[in-house]
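In what follows, a single structure is set out as structure tokens and then discussed.
The residues of the chain are indexed from 1 along the displayed sequence. Owing to the predicted nature of the structure, the values given are computational and were not obtained by experimental measurement. Atoms within a ligand are numbered from 1 in the order they appear, just like the ligands themselves.
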Amino acid sequence: MKPAELMALGDKNIMATYRRFPLVLTRGKGCGLWDVEGRKYLDFVAGIAVCNLGHCHEAVVSAVKKQAETLFHISNLYHIEPQIRLAALLVANSFADKVFFCNSGAEANEGAIKLARKYASERMTPGRYELITMVNSFHGRTLATVTATGQEKFQAGFSPLVEGFKYVPFNDLEALEGAIGERTCGVLLEPIQAEGGIRIPDKDYLAGVRDICDRHGLLLILDEVQVGMGRIGKLFAYEEYGIEPDIVTLAKALGNGFPVGAVLAKDHVAEVFQPGTHASTFGGNPLAAAAALATLEVLLDSPVLDNCRRMGDYLVSRLAELAVRRAIIKEVRGKGLLIGIELNAEGGPIVEECIREGLLVNCIGGKVLRLVPPLIVSEQEIDEALRILDSVLQDK
Ligand code: PLP
């Protein structure tokens, strides 16, 4: 079937929740993707900050192959060996004492919201169930997580939303403390707002949020779905800001492309989840857990995180040079390899031109180009991406 026919068949049969670019990508290796006709693209989207080790990383491929030949799925009615190993490795390398596995970022946040409410109902003064979240945040598309998301555009048409969420501006400690009431049980936020335009926290903001939560006896939940698993140069973003949360949610890069999510928590919080309180048929199934275990082992045992920090600095410094020459660039901001280029114009046409020139980037919130290449990206690949971006921006 020709690519155009294939895309038309997709449009006819798949709900139109995504506006897709006219590309059928069929193969990937490292930072490279190939379309159905064999044309190569440099991938600075990485499946939306998912393929942190690059496409088809050998260790992950081999773990999934081996697991697929042995056992796909048994359910959580039984003990699952790779899931046990994965949980132990996550606990050994994080603030957490316990892990709950699920399948996506929204599901991880949904689990965290339920965990916070259950904890509040059992351990806090009666009547506490409300979470404070941030304006411009993004936490997912289920009914509770889209309510937690502080952006009306994602909520339109889905009323009545879930009760028990309040929004305050990001980076505003006074507003946060002022919003705490007798129903508040916790604060849920992204350490760096990603979908909201790559918004970096002020220097002491997250320590301030931790302090407010401690003084008011509230749970601090960090959504690390996009920033976690090495994206900003540390395994978890909270490490970068010198704080310990009570709950962290993960998904995206956890399985390097294999769908898997997780809720990590301290023991005193995790223990309110008992048999029957929360569940997921596929959560941490053998295939997903094998993929995530292999991914985590590579992140821990290889120089990937170090490469992420070095290449992140290099990319930002090259973009700063570009910003001097190209007036369309308003600001470059980011941490590690989570980088946003705010433009003075709509980013959509730029993304399309980059794709025509062989570079995949995407645009968030209309005017921010997001660069999230695999963390294994090389200096040469960054140079090539910048060459394409420079030429696309030159007459803008
Ligand atoms: N939380 C954050 C911070 C995200 O960036 C996303 C997705 O972009 C989600 C949650 C939702 O994840 P998923 O699409 O896997 O449900």
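Residue Q226 has at least one heavy-atom neighbour below 4.0 Å for each of these atoms of ligand 1: 5 (O), 8 (O). Distances below 4.0 Å separate heavy atoms of D223 from the following atoms of ligand 1: 1 (N), 2 (C), 3 (C), 10 (C). Close approach to S104 involves these atoms of ligand 1, each under 4.0 Å from a residue heavy atom: 15 (O), 16 (O). The atoms of ligand 1 that sit less than 4.0 Å from any heavy atom of N109 are 1 (N), 10 (C). Shown in contact with A106 at under 4.0 Å from a heavy atom are these atoms of ligand 1, numbered in order with element: 11 (C), 12 (O), 13 (P), 16 (O).
An N or O contact shorter than 3.5 Å links G105 to ligand 1 by distance.
H55 and D43 form a side-chain donor-acceptor contact under 3.5 Å, judged by distance and modelled atom types alone.
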Could you go step by step and tell me if F170 and Y205 meet the ring-ring contact (aromatic ring centres under 6.0 Å, His included) rule? CA-CA 9 Å; F170 187 65; Y205 176 64; 5.2 Å; yes

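Between the side chain of E239 and the backbone N or O of F236 there is at least one donor-acceptor pair closer than 3.5 Å.
The protein heavy atom nearest to atom 4 (C) of ligand 1 is F138 CD2, 3.7 Å.
Shown are R310, M311, R318, E384; of these, the side-chain contact (heavy atoms from CB on, under 4.5 Å) with E379 is made only by M311. A salt bridge (Lys or Arg N to Asp or Glu O under 4.0 Å) with E195 is found for one member of R141, R370, K153 and no other, namely R370.
The number of heavy-atom neighbours closer than 6.0 Å to CZ of F158, taken from other residues, nucleotides and ligands shown, is 12 or below.
Nearest-residue assignment for atom 8 (O) of ligand 1 (options Q193, E190, K252; heavy-atom criterion): K252.
In E107, neither the side chain nor the backbone holds a heavy atom less than 4.0 Å from any atom of ligand 1.
For the salt bridge (charged side-chain N to carboxylate O under 4.0 Å, His left out) condition, the pairs that include at least one residue of residues 113-127, sequence neighbours left out, are K118-E122, R123-E271.
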